[in-house]
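Predicted, not measured: the structure shown is a model, and the values here were computed from it. Lettering follows sequence order; numbering is per chain, from 1.
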2 protein chains.
Amino acid sequence: MTLTPTKLSKSEKTRQAILEAAQTLFYEKGYDGASVRQIAEAVPIDPAMIMRYFGSKEGLFSAAALVDLRLPDLGSIPRDLAGKGLVRHFLMLWEGDRSGIGLPILLRSAVSNQNVADKIHEVFEEQVVPAISGLVPEGEEDSCAGLIVSQLFGLALCRYILRLSPVAEMTEQEIVERIGAVIQFHLDAARDTAGSNRP
Amino acid sequence: MTLTPTKLSKSEKTRQAILEAAQTLFYEKGYDGASVRQIAEAVPIDPAMIMRYFGSKEGLFSAAALVDLRLPDLGSIPRDLAGKGLVRHFLMLWEGDRSGIGLPILLRSAVSNQNVADKIHEVFEEQVVPAISGLVPEGEEDSCAGLIVSQLFGLALCRYILRLSPVAEMTEQEIVERIGAVIQFHLDAARDTAGSNRP
DNA sequence: CGAGAAAGTCAACGATCGTTGACTTAACTG
DNA sequence: CAGTTAAGTCAACGATCGTTGACTTTCTCG
């Protein structure tokens, strides 16, 4: 057989090892701050292997920072719980297992890298806007989603990146309640203001 | 005289020129992204002069990223206008003249630099918390300030750094109204929840 | 003018970076 | 076992970085 003795071929195993080390370092230090050599040293493997498996540092980053937000169907929960639900889901991307690390990686690197910022635009349009489009009137999805993302990105920035004391030390529950109320506020505001400026 | 023929001594003029070029480039590309050589080329001057005037790249950054938020006295305006006022003032740091560029510079670099993140902590404790401490009950200042800063930093992140379409394209007035309402929401929530979890 | 200080230039240092190609070792196949 | 392919190592490339010290130019003042 050309395939796996136990589960994964040998090359696939090192490929995964590289990917995990890359995710850890890209998450901690961003795209520019994490060097190919440091990632290789963490595996450990020769830096040249990274080029063989992923072509370039950019190729490695693209493979390490895939984002699938797996946003829940907000239509299936009571409308007035959507705010808290979104915050809880968002917190899990940072505090949960490795499967949700894509967005944290992107956010850490987007500030100093326009290509990465563009990737966030894609995630926004393909995953965030559709998820909340059922909750707000037509024509309000974009601006409402933008305002919600502003609050959630600001939360992640202060809590996980800057580690601003009060925000970093709040319990998960406190965050869900106080930020959830704000997200809910945005959702309700979008419903209320709709039509007020229409022909 | 040893001093100025017109207004500034020659050395002070180039010092200012270096500082302005540094602010522009640090703002656009962050601490790591902007090199001493690029800044020197923009002045234009030899890179060695930067070391003579500011000692090191860190010294230049410290001089370029001084932050004085000049927050207004929130006690002198109606309490229910504080939210919008804070947002308006915050937007001016990015869209106003060069005098308010300190925080934008810090924010751009803090994501990939722990030293800069610590500087933001200082600004938070010395300037932000005192400014809003008169508006919320004792014991709530820190958490309330943290939540407000979360929203404002998230706004700056999406509007000026990521340039996320809906947030970047809103008019200043729209932002003031919709984000201002959220800031006001945080302030009111801090007043309401005070005492509910007290001994 | 001429001496001395200030302002500015120049070339080079060691370090790190992403990337490459030649080479060696391990694994699989006939 | 022999031969081919895959997996991994090694040394080096050109580029850029922050920083340094020696040098030259410009200005100031006795």
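- In the displayed structure, B:Gln114 atom CD is contacted under 6.0 Å by more than 12 heavy atoms of other residues, nucleotides or ligands.
- Contacts of residues 53-61 of chain A with DNA chain D (heavy atom under 4.0 Å): A:Tyr53.
- The distance from atom CG of A:Asp46 to atom P of C:dC23 is 16 Å, rounded to the nearest whole Å.
- B:Ile18 places its CD1 atom 11 Å from the P atom of C:dA7, with the value rounded to the nearest Å.
- If you check D:dG18, D:dT20, D:dA7 against the side chain of A:Arg52, the one that comes closest is D:dA7.
- For the 3.5 Å distance criterion, the side chains of A:Tyr160 and A:Glu95 qualify, holding a donor opposite an acceptor.
- A donor atom on one side chain and an acceptor atom on the other are found under 3.5 Å apart for B:Tyr53 and B:Thr14.
- Atoms CD1 (B:Ile50) and P (C:dT9) sit 11 Å apart, rounded to a whole Å.
- Comparing the axis of the opening five pairs of the helix from C:dC1-D:dG30 to C:dG30-D:dC1 with that of the closing five pairs yields an angle of 10°, rounded to 10°.
- Taking only side-chain nitrogens and oxygens, A:Ser35 never comes nearer than 4.0 Å to OP1 or OP2 of C:dT16.
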Going through the distances and angles, do A:Ser62 and A:Lys119 end up as a side-chain hydrogen bond (donor to acceptor under 3.5 Å, both in side chains)?
-> CA-CA 10 Å; A:Ser62 294; A:Lys119 287 194 181 188; 2.9 Å; yes

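- Side-chain proximity of A:Ala48 to D:dT20, D:dT19, D:dT9: nearest is D:dT9.
- At whole-Å resolution of the value, CZ in B:Arg15 and C1' in C:dA6 are 16 Å apart.
- Using a 4.0 Å cut-off between charged side-chain N and carboxylate O, A:Glu140 and B:Arg178 make a salt bridge.
- The separation between B:Glu41 atom CD and D:dG18 atom P is 13 Å, rounded to whole Å.
- For CD of A:Glu41, the number of neighbouring non-hydrogen atoms (other residues, nucleotides, ligands) closer than 6.0 Å is 12 at most.
- Residue B:Met51 contributes atom CE, which lies 14 Å from atom P of D:dC17 at whole-angstrom precision.
- The distance from the CG atom of A:Leu93 to the OG atom of A:Ser99 is 8.5 Å, given to the nearest 0.5 Å.
- Counting to the nearest Å, the C1' atom of D:dG18 and the CG atom of B:Asn113 are 15 Å from each other.
- Considering only the side chain of A:Met49, D:dG8 comes nearest among D:dT19, D:dG8, C:dG8.
- Between B:Tyr31 and B:Phe61, the ring planes are perpendicular. Angles over 60° get that label, and only those under 30° would be called parallel.
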How far apart are the C-alpha atoms of B:Met170 and B:Arg159, what are their side-chain angles, what is the distance that settles it, and do they pass the side-chain contact (heavy atoms from CB on, under 4.5 Å) test?
-> CA-CA 9 Å; B:Met170 281 183 177; B:Arg159 185 172 171 89; 4.1 Å; yes

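- Between the P atom of C:dC17 and the NZ atom of A:Lys29 lies a distance of 8 Å, rounded to the nearest Å.
- An OP1 or OP2 oxygen of D:dA7 is reached within less than 4.0 angstrom by a side-chain nitrogen or oxygen of A:Ser11.
- Map B:Thr14 and B:Arg37 each onto its nearest nucleotide of DNA chain C; the residue landing nearer the 5' end is B:Thr14.
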